[in-house]
Amino acid sequence: TNLETFLRIAASLPKCDISRPKTEHGSRNINNQYSSTGNLHAVYEAPPFVTAPSWSIVDANSGDLLWGKFSHEQREIASLTKIMTAYLSLQLLKLFKADMHSVDFTASKRAATIGGTSAVLKEGVRLSVYDLLHGLLLPSGNDAAITLAEGFGKMIREFGRQKGAKKKMRETFSADLSHRSMEPLTAFINAMNKIAKKMGLLHTTFSNPHGLSDKANKSTAADIGKLATLAKREPIIREIIKKQKYACKGQQGDLKDTVDFSWINTNRLLKEEGFDGFKTGTTFNAGACLTASYCRESISLIITVLGCKSLEYRWKEVPCLLRWALRKLELVFERHGSEKLTKKLALYCRDVQKR
């Protein structure tokens, strides 16, 4: 049965061994910090303690926020920013009717010297958009992010000169992006913000394509969950984020010399059954962040944790929240029989809101 499926999946997950801090009054009362689709926390088991001050659990089938803690609180999001960089790149390819395998971009000096996590791109190296997306999402290359942003920024300006371009841009982004005075990187960041607004990411603003610390580059756990849900609907993103490694060749400048690249995915949860991708992120200001996609049989969830206490804790806290969410979803099956999960969730949310 579906209930047995839930129990079997929950039993296979790693145990949560994060200690809950104590206060002078004993165990910390954290119920009032949590949100859900209704007053769920007042009736059933409270969420587990995690060090992430903000988290969300989103139904990847519908994009609905199911549960969260301070999930609408704006915070820096580090390299989770790159989810939007990848998603926007694909939307621009569609707008320009371009092929990701045939379009290539050259890494600039700014890209090669950006610092932080890197795809090890040297100035002058050329890679296809398809390869750059791997360099962006697997090793979390800040250099790949800049290369994509500058390359697509130039294409935005060139496309804007074509007849009918402004109308097509408004249809895609609800705005005209062809500001000729903007440098390419700025044009791309402008497009990130325009498409975020169109997607309904109301608490999200971008100031760069990579996520290095900037107070203006911020979002929420709820918005990131929604962004990841929409991004995962792109077949290429689904393909890339589940890969544990990738190798390719680039060309160095005008020379015919090739450069070998080999990248390892920073997402360690890919080794756990059911986890099929998404993105890590870490800076001093943002803390340790992680958005993880879990898909097994009829269950599809996006779990986001922002600002975990350490890099190691995020690998424990996402499975910990997943176990708790599966126990919640068991109640949905018990209550509504053998209907599809999305229908049961909708019924359950309405029922909870009536209380």
Side-chain angles (χ1 to χ4, degrees), residues 6 9-10 13 34-37 47-48 50 52 54-73 75 77-87 90 137 140 196 199-204 211 219-242 265-270 272-281 286 288-308 314-329 332 341-342 344-346 349:
F6 270 123
I9 293 173
L13 293 169
Y34 295 88
S35 61
S36 72
T37 48
V50 293
S54 176
W55 56 262
S56 69
I57 301 174
V58 170
D59 174 22
N61 293 312
S62 66
D64 293 336
L65 174 66
L66 301 180
W67 300 282
K69 173 186 176 184
F70 296 134
S71 57
H72 297 291
E73 179 181 85
R75 302 178 61 87
I77 55 171
S79 286
L80 303 189
T81 301
K82 295 182 177 102
I83 300 174
M84 177 58 90
T85 302
Y87 181 78
L90 293 178
L137 295 173
S140 197
M199 293 165 71
L201 308 182
L202 303 180
H203 304 289
T204 298
S219 186
T220 67
D223 275 8
I224 292 298
K226 185 174 183 179
L227 169 60
T229 296
L230 294 172
K232 196 184 175 188
R233 293 175 185 171
E234 294 290 337
I236 293 300
I237 290 182
R238 287 201 306 273
E239 172 194 328
I240 293 173
I241 61 176
K242 67 182 180 182
N265 200 320
T266 58
N267 184 3
R268 281 168 38 184
L269 286 184
L270 289 176
E272 302 291 339
E273 188 172 4
F275 287 100
D276 61 354
F278 259 119
K279 192 71 194 70
T280 61
C289 304
L290 174 64
T291 294
S293 170
Y294 180 86
C295 186
R296 193 170 171 188
E297 299 183 32
S298 60
I299 307 158
S300 187
L301 301 171
I302 300 290
I303 303 175
T304 300
V305 289
L306 303 180
C308 294
R314 62 185 173 183
W315 308 123
K316 300 176 182 179
E317 295 184 3
V318 165
C320 188
L321 288 167
L322 175 61
R323 288 177 62 86
W324 174 81
L326 290 175
R327 288 196 295 271
K328 295 295 185 188
L329 294 174
V332 179
L341 175 61
T342 52
K344 285 196 281 289
L345 283 173
C349 294

ask   = How many angstroms lie between atom NE2 of H203 and atom OG of S219, to the nearest 0.5 angstrom?
value = 9.0 Å
key: Shortest non-hydrogen contact between A228 and I302, atoms and distance   = CB-CG2, 3.8 Å
inquiry  = A side-chain contact here means heavy atoms from C-beta on lying under 4.5 Å apart; do L306 and E73 qualify?
reply    = no
message = As an exercise, state the distance from CG of L137 to CD1 of I237, rounded to the nearest 0.5 Å.
response = 6.5 Å
inquiry  = Restricting to non-hydrogen atoms, name the atom on A292 and the atom on V318 that form the minimum distance, rounded to 0.1 Å.
reply    = CB-CG1, 3.8 Å
query = Rounded to the nearest 0.5 Å, how far apart are CD1 of I224 and CG of L201?
reply = 7.5 Å
remark   = All heavy atoms of K69 vs all of V50, minimum pair found to be NZ-O, 4.3 Å
request  = Calculate, to the nearest 0.5 Å, the distance between atoms CG and CD1 belonging to D59 and I299 respectively.
outcome  = 11.0 Å
ask   = Would a 4.5 Å heavy-atom cut-off, applied to side chains only, mark F278 and K232 as touching?
value = yes
ask   = Shortest non-hydrogen contact from E317 to C308?
value = OE1-SG, 3.3 Å
query = Looking at side-chain heavy atoms only, is the closest gap between W315 and T280 below 4.5 Å?
reply = yes
query = Mind checking whether L321 and V305 have side chains closer than 4.5 Å, heavy atoms only?
reply = yes
inquiry  = Tell me every residue that passes salt bridge (charged side-chain N to carboxylate O under 4.0 Å, His left out) with R233, counting only those two or more places apart in sequence or in another chain.
reply    = none
key: Least distance between heavy atoms, C289 atom then R314 atom   = O-NH1, 2.9 Å
query = Are the side chains of M199 and Y87 in touch, meaning some heavy atoms are under 4.5 Å apart?
reply = yes
ask   = Atom CD1 in I303, atom CH2 in W324: separation rounded to 0.5 Å?
value = 10.0 Å
remark   = One should read off an interatomic distance between I77 CD1 and I83 CD1, to the nearest 0.5 angstrom, of 7.5 Å
Backbone N/O of A221 and side chain of S56: donor-acceptor pair under 3.5 Å = yes
query = Going through the checks in order, is the side chain to side chain contact (heavy atoms under 4.5 Å, CB included) test met by L65 and S71?
reply = CA-CA 9 Å; L65 174 66; S71 57; 3.6 Å; yes
task = Name all residues meeting the side chain to side chain donor-acceptor pair (under 3.5 Å) criterion together with T291; count only those two or more places apart in sequence or in a different chain, and write none if there are none.
result = T304
Side chains of L66 and L301 in contact at under 4.5 Å (non-hydrogen atoms) = yes
query = K279 pairs by side chain to side chain donor-acceptor pair (under 3.5 Å) with which of S79, S293, S140?
reply = S140
request  = Identify, with sequence neighbours excluded, every residue that meets side chain to side chain contact (heavy atoms under 4.5 Å, CB included) alongside N265.
outcome  = L138, N267, L270
query = Hey, are the side chains of L269 and L290 touching, using non-hydrogen atoms and a 4.5 Å cut-off?
reply = yes
